[in-house]
Amino acid sequence: MKIVARDALAPARNGAEPGCVKAGDYDLKGSEVPSAKVRNLRVFLASPGGLDAERQAVEAVVSVLNAEIALTNRVVITVRRWEQMIGAAGNPQSQINPGVDGCDIFVGIVHRRWGTATGNGFDSGFGEEFARALDRWERKGEPRIALFFKQVDNESLRDPGDQLKKVLEFRSSIEEKHTAFYNLFESTDELKIQVFQLLVEAVVRLPAEPQAEVAGTATGDPAETAASDEERGPGELSSVLAAFADVTAGREPTTKLDVDRLELFGLAASRDDDPIPTHLANRIFTRREEISFHWVEVAAWFRTYLMDLGRASRAWERVIPFASVAGGAEQLGELLEDSAVKVLTSKDSHLVAGWLRLAAALKVRPKSIWLTPPLDEAQQSTLREVWASASTASIPLAVAYWLSVRRRQDLQLAKTLAEDGHDGLRSLGESLVGLMRQKPDATPLARSMPDLLIDSSVSDVFGDSSPFASLPAVDLEKLVLRSFLDKTVRLRALDELISRDVVPSSVIKAVLKDEGSTSFIGRSWSAEALERLFDRAVSTSFMNRFMDIIGEPSEKLDGSARAALARMARHNAAIGEIVMSLLQNQVYLDADNASMLLSRYEGTTEALDVAESLLRGTNAEASKFLDALRGAGADAHIIDFVQRKFEIVALKYLSRLPDARRRKRHLGRVRELATGDGIYQFQATECLIEMLEDEDVDLLIGGLTYMNEATSSRATAAIRRRATLKRLNELVGSQNEQVAVSALIELRKRGRAPSRRRLMVLMRSDMPMVRMAAASILIAELDRPDLSETLRKYVFGGAFYYYNVVCEFDREMAQVPQASPGMGEVTS
């Protein structure tokens, strides 16, 4: 892979406006191409009046070609038109005619008007200009003449008038005598396409500069005559464009028509900032070693790459490879520096987010956006626009980027942003000011971007401390109560309140309320919050707040309060007595009360005896409760339901005990309940987490779907821990993505990762995280020179391949680090 004319980015580094160089942005005066080598293609634009829009359209086409295709071929296209002339004494048309006499291409555009007499024996200026061009062509074979007739409506054709009649006569004459090439068009867009085709063909077929002229340069350096990569590159692209010109002109192309390359260059040369399509980017990527990319193609591809990075926060979501095409991390850093201002002031939020994410990973700090105060008015305006746009796109990414490249002197700039009236800028500035103080304070950050509190870049600022430790209790309380926040943020805030022993009643109520939630998200949060809040020795002040909330303990106490009391009873004797008094007031020992009783005496012989008796069905108090149900006329299935609930309560308790032999003795009953079709089937399956044997793995996997997040994670960890190597190798092919990934990780941890052949197969899995896990393991085993060859085998060794795997190999080949997890990235 080669990049042609890479120095074309130099103007941005030398003081010109920084930014990704796109069509129309590049100044030929800033080119590194020696002026002695640039040839001039002169175009004369002729037309009667009334065609201003069409004349401007031709100028627009020439502008694009000069910025892209013409420069590639060491050519500059110049347009001569009468509007450019400064009038002098004498016949006006005679002053225009030298432009006709010196042109290489004569472009004539005609519509309804023919014009007026010139005083030189011609009835219009256009007619005289065409006659001179035709006369020179007949004598010398130049210039090339191209005529474009704009379509006229039928009503005008029926009554043409003098002017249109002359136009029609001229066109008939051209047709009868086959005098010149001409096309019909209806709109300026159609005209642009036709002129573009004409000029592209002219540029690529322009005779090469004589070798003697090149050799006669002032330096006399033999390198000037060598066919370097950069000199071959334009020729390569010229061949593509020449084949396109042949096809459009109806000729047989001399080389194969490379539609992909043509589309890539067309998008890159366009004035629009349309992204390169995903399929096109990946097809071209597979040919990267055989192509010399022009710098505009690289710039357009880089822009699409940034947009993909900004759109996809996780590695397995990314579909645009580019890093190795650019040349690696260092070259990406240069592109980031050159494009900083232009990209960061873009209205495309994905583009801005991608720049911030990549710049943070590479620790890139462009001088154009990190200016040292005092700043002049223009610099202040630029920086305000940059950071306002960045904060609009993603304040969290802007903060994370600042922190990844921060320096002490940046505090003053952060203060300037904090004083701005723009809401996003103010939030960004205030958060940064708090984090960059000598004693960091995360309070402003917590109020505007709380999810960033668990970002690694923020944690690094606090060192051995924690961002949550800097927050006042009132802000911690708000974080816990915001149900829409990341679960980790809420739990970390809860931990901090517990450590200070200042848990407010509102938080206790929230945990008790959420404990009964039927949603997986609610149970996942509440299960962990319940454990943190109540499964510990609590202070007297906490106990008082809790008792105020639940009131006088009685048989009417709801389930969440009972569960909380049961948990605290394990650590607090006083609470244990409350639980016992509550139980003693019950007429019967139902399953909920049994659970409380086991929690009260957990770890004691008494609790063990209760559990065993519940399991065997010999517990006297439980039997009384069942007899009461029978006496009340309860159906047999109700009795069975209650009996199974007693068993589940006992098995859950017994499964937590450290006595492995006792757990194993009850495993048979757990399996029996877990394989049945009763209502407690999945609760029995959860008991397997602590009792798991290799043969039970499939049974536990079957219950994962019905478990909340916390329980599911414990179950997956148990599978990794207890499964044999044979079982793990089987699980790699599981249709449960979480299990398959865990099995891969465990096999690698045990030093028994799948073979390279199997990893190649897994990289074609229909589950994205399995593909990425397999790719990560394979990449870690490969030497750097083998990465490209392995990727080639992956892409061409099957009927299909996945773009996210290609992107991961591309990232590794270019040695680009993963983005921070806090910025949405999931690392391997």
Side-chain angles (χ1 to χ4, degrees), residues 43-62 64-65 79-85 91-93 96-97 99-100 103-138 142-202 244-245 247-251:
V43 176
F44 184 85
L45 180 55
S47 72
L51 291 167
D52 292 344
E54 287 72 15
R55 294 170 70 83
Q56 290 295 335
V58 174
E59 287 278 18
V61 170
V62 170
V64 170
L65 291 175
V79 180
R80 294 297 302 274
R81 40 193 289 197
W82 68 265
E83 296 98 323
Q84 299 168 339
M85 298 188 59
N91 182 276
Q93 187 60 49
I96 296 173
N97 288 339
V100 180
C103 72
D104 300 301
I105 299 177
F106 178 91
V107 174
I109 307 175
V110 192
H111 188 205
R112 297 172 175 276
R113 299 179 59 181
W114 181 247
T116 57
T118 64
N120 295 330
F122 291 90
D123 57 356
S124 78
F126 172 79
E128 182 171 344
E129 291 158 4
F130 175 76
R132 295 182 72 92
L134 182 61
D135 175 68
R136 187 158 67 92
W137 178 81
E138 292 174 341
E142 60 181 30
R144 178 171 181 174
I145 297 175
L147 298 175
F148 300 89
F149 289 93
K150 188 172 184 179
Q151 295 277 32
V152 180
D153 61 272
N154 291 331
E155 184 177 349
S156 297
L157 291 175
R158 286 192 291 269
D159 184 17
D162 293 340
Q163 286 286 310
L164 180 56
K165 187 180 294 184
K166 290 182 179 180
V167 171
L168 296 175
E169 290 172 354
F170 173 69
R171 178 173 156 183
S172 296
S173 173
I174 295 296
E175 292 175 347
E176 291 171 4
K177 299 178 181 179
H178 303 287
T179 305
F181 166 87
Y182 83 88
N183 263 322
L184 303 176
F185 70 95
E186 293 185 352
S187 66
T188 54
D189 287 339
E190 190 176 354
L191 175 65
K192 284 181 179 180
I193 294 173
Q194 294 172 358
V195 173
F196 183 88
Q197 294 172 352
L198 167 74
L199 296 181
V200 165
E201 182 179 1
F244 171 68
V247 171
T248 57
R251 296 187 296 269

If you take all heavy atoms of Ala60 and Lys192, which pair is closest and at what distance? CB-CE, 4.4 Å
What pair of heavy atoms forms the shortest contact from Tyr182 to Phe149, and how long is it? CD1-CD1, 3.4 Å
Taking it one step at a time, do Glu128 and Asn120 satisfy side-chain hydrogen bond (donor to acceptor under 3.5 Å, both in side chains)? CA-CA 8 Å; Glu128 182 171 344; Asn120 295 330; 3.0 Å; yes
Say you draw a straight line from CG of Asp104 to CD of Glu142; how long is it, rounded to the nearest 0.5 Å? 7.0 Å
Begin with the C-alpha distance, continue with both residues' side-chain angles, and end with the deciding distance and a verdict on side-chain contact (heavy atoms from CB on, under 4.5 Å) for Val167 and Phe126. CA-CA 11 Å; Val167 171; Phe126 172 79; over 6 Å; no
Treating Arg113 as the side-chain partner and Leu51 as the backbone partner, does any N or O pair qualify as donor plus acceptor under 3.5 Å? no
Salt bridge Glu175-Arg171, side-chain N to carboxylate O under 4.0 Å: yes
Over all atoms of both residues, closest heavy-atom pair of Cys103 and Val43: CB-C, 4.5 Å
Test Leu147 against Phe106 for side-chain contact (heavy atoms from CB on, under 4.5 Å), laying out the working first. CA-CA 8 Å; Leu147 298 175; Phe106 178 91; 4.2 Å; yes
Hey, could you give me the CG/CG distance between Asp159 and Asn154, rounded to the nearest 0.5 Å? 13.0 Å
Minimum side-chain heavy-atom gap Leu198-Asn183 below 4.5 Å: no
Would you say the side chain of Lys150 lies within less than 4.5 Å of the side chain of Arg112, judging by non-hydrogen atoms? no
Under a 4.5 Å cut-off applied to non-hydrogen side-chain atoms, are Asn97 and Glu129 in contact? yes
May I ask you to decide if the ring planes of Phe185 and Phe148 are parallel, tilted or perpendicular, using 30° and 60° as cut-offs? perpendicular
With side-chain contact (heavy atoms from CB on, under 4.5 Å) as the test, would you mind laying out the steps for Glu201 and Gln197 before giving the verdict? CA-CA 6 Å; Glu201 182 179 1; Gln197 294 172 352; over 6 Å; no
For Ser156 and Val152 the tightest heavy-atom approach is CB-CG1, 3.5 Å
Measure from the side-chain N and O atoms of Arg55 to the backbone N and O of Ile109, and report whether any donor-acceptor pair falls under 3.5 Å. no
Does atom CG of Asp162 have more than 12 heavy-atom neighbours from other groups under 6.0 Å away? no
Got more than 12 heavy atoms from elsewhere within 6.0 Å of CD, Glu155? no
Heavy-atom closest pair, residues Pro143 and Ile105: CB-N, 4.0 Å
Quick check: closest heavy atoms across His111 and Leu164, and the distance to 0.1 Å? O-CD1, 3.9 Å
Step by step, work out the side-chain hydrogen bond (donor to acceptor under 3.5 Å, both in side chains) result for Gln56 and Asp52. CA-CA 6 Å; Gln56 290 295 335; Asp52 292 344; over 6 Å; no
Main-chain N/O of Leu168 paired with Ser172 side-chain donor or acceptor, under 3.5 Å: yes
Gln163 side chain to Gly115 main-chain N or O, any donor-acceptor pair under 3.5 Å? yes
Geometric class of the Phe170/Trp114 ring pair [parallel <30°, tilted 30-60°, perpendicular >60°]: tilted
